[in-house]
Amino acid sequence: MMANLLDLDAAGLAAFFHAHGEKPFRARQVLQWVHQRRESDFARMSDLAKALRVKLAAAAVVQAPEIVGDHTAADGTRKWLLKVDGANAVDAVFIPETGRGTLCVSSQAGCTLDCPFCATGKQGFNRNLSTGEIVGQLWLANRMLGGERPVTNVVLMGMGEPLLNLDHVIPALRLMLDDNAYGLSRRRVTVSTSGVIPGMDRLRDECPVALAVSLHAPNDALRDRLVPVNRKYPMRELLRACARYLERAPRDFITFEYVMLDGVNDADEHAHELAQIATRVSCKFNLIPFNPFPAAGFKRSPPERMRAFAQILQRQGVTVTTRKTRGDGIDAACGQLAGQVTDRTRRANAPRVVELRP
Ligand code: SAH
Ligand code: SF4
């Protein structure tokens, strides 16, 4: 079996070289070639001995997912559809802003958690992505965009629940942080979770990066409906897990994401309840306008409702930002990523929304 070097973080690559009777420092050179110079052809790795290059070519590949779709919106947001196997493709989205470029990365083909307002959740789940498929999205984006450092920030906010795939997500994060690979600081890499508590604790212990928690409701009754994993990990436990995470986090607050659903979770009283929560854990709120997709069954809160909601929080001393919707026209906004996933979960009540694109 050929090893895919994109699957290996520094420790994995050192073990690979050791197994092949090579010195560990070769691993550092190869990391730089692969991730910094975006080279996939061993023959061109000119400072490696010829014999080593031949040996590598026989034992390994550098293989990222295949780009099968590439769309750019009027605002510069660019979405790639990446084929990961014969049946599945996932989305990666690049969002350029002044002074930085953020890549939104997927961690699973589909998602098991079935939040009713999310296109990824609606389509079911097929499988976890490998480390190479996760970090390969960053590798490809840098390659496609060109230039010194096109991607300055990474958010794991694409398809899937990253904390249900930590065996592959953690090595991918380590590569993002590694000075011989992408060298991003922990504050520039954000994992978003719907609140999978054991995963939060593991991430805290093994690779604490910035954390965003998808709250979306101020109490268990409503959150049980909007974020079904809440039935397993209720809010009281979740807030405790946030406090534990903060002991190791690179930032001194948790970002709470809150998708604004018209007439569902956007009343004044919900804002007051959230302000109470904010007294229990150091946090900032990020209000997200709901992004529609076919058969979603929800509507976006009107802008004046979002403003009034934000004001209630701000008046009680809570920091609030409102997310701009990006990528109009190419379905690249939060929650619209549907990729092309073959659902093997056969969920009884989940209508499959698989958007096939040319
Ligand atoms: N599974 C993780 C990360 C992927 S989703 C999580 O749920 O946090 C990234 C963010 O987009 C989450 O906050 C999610 O709740 C939000 N989101 C999902 N569907 C959305 C939609 N239709 N409109 C706006 N935001 C949505
Ligand atoms: Fe999964 Fe996140 Fe979508 Fe919920 S919002 S279904 S956890 S990807």
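All ligand and atom numbering here is 1-based and tracks the order in the structure.
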Would you mind telling me if ligand 1 is within reach of the side chain of [X], the backbone, both or neither, using heavy atoms under 4.0 Å?
| X | value |
| --- | --- |
| Asn291 | both |
| His216 | side chain |
| Thr193 | backbone |
| Glu257 | side chain |
| Pro289 | backbone |

Shortest protein heavy-atom distance from [atom], along with the residue and atom involved:
| atom | value |
| --- | --- |
| atom 11 (O) of ligand 1 | Cys334 CB, 3.6 Å |
| atom 20 (C) of ligand 1 | Gly335 CA, 3.2 Å |
| atom 9 (C) of ligand 1 | Met157 O, 3.5 Å |
| atom 12 (C) of ligand 1 | Ser214 OG, 3.2 Å |
| atom 2 (Fe) of ligand 2 | Gly160 O, 4.5 Å |
| atom 2 (C) of ligand 1 | Ser192 O, 3.4 Å |
| atom 3 (Fe) of ligand 2 | Cys118 SG, 2.4 Å |
| atom 4 (C) of ligand 1 | Gly158 O, 3.2 Å |

Please answer whether the main-chain N or O of [Y] pairs with a side-chain N or O of [X] as donor and acceptor at a distance below 3.5 Å.
| X | Y | result |
| --- | --- | --- |
| Asn165 | Gln108 | no |
| Asn4 | Asp7 | no |
| Gln36 | Trp33 | no |

Measuring from atom [atom1] of [X] to atom [atom2] of [Y], what distance do you get when rounded to the nearest 0.5 angstrom?
| X | Y | atom1 | atom2 | result |
| --- | --- | --- | --- | --- |
| Arg240 | Met200 | CZ | CE | 13.0 Å |
| Thr190 | Asn153 | OG1 | CG | 7.5 Å |
| Thr325 | Gln336 | OG1 | CD | 8.0 Å |

Minimum non-hydrogen distance to atom 1 (N) of ligand 1, winning option of Gly160, Ser194, Ser106:
Gly160
State whether [X] and [Y] are salt-bridged, where the test is any N-O pair (Lys NZ or Arg NE/NH1/NH2 against Asp/Glu carboxylate O) under 4.0 Å.
| X | Y | value |
| --- | --- | --- |
| Asp262 | Arg305 | no |
| Arg127 | Asp85 | yes |
| Asp179 | Arg28 | no |

Considering only heavy atoms of [X], which atoms of ligand 2 have at least one such atom less than 4.0 Å away?
| X | value |
| --- | --- |
| Gly121 | 6 (S) |
| Asp114 | 6 (S) |
| Ser194 | 7 (S) |
| Cys111 | 1 (Fe), 6 (S), 7 (S), 8 (S) |

Single-linkage hydrophobic cluster, 4.5 Å side-chain cutoff, Met157 and Val151 together:
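Met157 does not cluster with Val151.
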Atom 4 (Fe) of ligand 2 contact by Cys115, N, O or S atom under 2.8 Å
yes
Is the number of heavy atoms from other residues, nucleotides or ligands within 6.0 Å of CZ (Arg204) greater than 12?
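Enclosed.
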Can you confirm whether or not the ring centre of Phe25 sits under 6.0 Å from the ring centre of Phe17?
no
Distance under 4.0 Å to a non-hydrogen atom of Ile288: what atoms of ligand 1 satisfy this?
24 (C), 25 (N)
From atom 6 (S) of ligand 2, is the closest protein heavy-atom distance below 4.0 Å?
yes
Candidate list Leu238, Asn265, Asn230, Val227, test side-chain contact (heavy atoms from CB on, under 4.5 Å), partner Leu215, passing option
Leu238
Between Val227 and ligand 2, which residue portion shows a heavy-atom distance shorter than 4.0 Å: side chain, backbone, both, or neither?
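No part of Val227 is near ligand 2 at this cut-off.
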